[in-house]
Amino acid sequence: MEQLNRGETPKKEKFNFKEKKENTVHSLFEVEHFLHDFRNICKGLKLYHILRK
């Protein structure tokens, strides 16, 4: 990052909607897969407890 002199304002980056949309879609995709895997783990644990008895 550039070092600013006294009295200068930092340059704002241009808002890139396409990039933000792509990042959001990827994040939601990862969350969806995590929750799906978590549900499968819970089902496996329930089955294990049933079969263990």
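Sequential numbering from 1 along the given sequence is applied to the chain's residues. Small disclaimer: the values here were computed from a predicted structure and weren't measured.
Here the CD1-NE2 distance, from Ile41 to His36, works out to 10.5 Å after rounding to the nearest 0.5 Å. Residue Leu45 holds its CG atom at 11.0 Å from CZ of Arg52, rounded to the nearest 0.5 Å. Here Lys21 contributes atom NZ and Asn16 contributes atom CG; the two are 12.0 Å apart, rounded to the nearest 0.5 Å. Between Lys20 atom NZ and Thr24 atom OG1 the span is 8.0 Å, to the nearest 0.5 Å. The NZ atom of Lys46 sits 14.0 Å away from the CG atom of Leu51 when rounded to the nearest 0.5 Å.
Transitive grouping of hydrophobic side chains (ILVMFWY, heavy atoms separated by less than 4.5 Å) brings Phe34 and Val31 into a common cluster.
In the displayed structure, Phe29 atom CZ is contacted under 6.0 Å by at most 12 heavy atoms of other residues, nucleotides or ligands.
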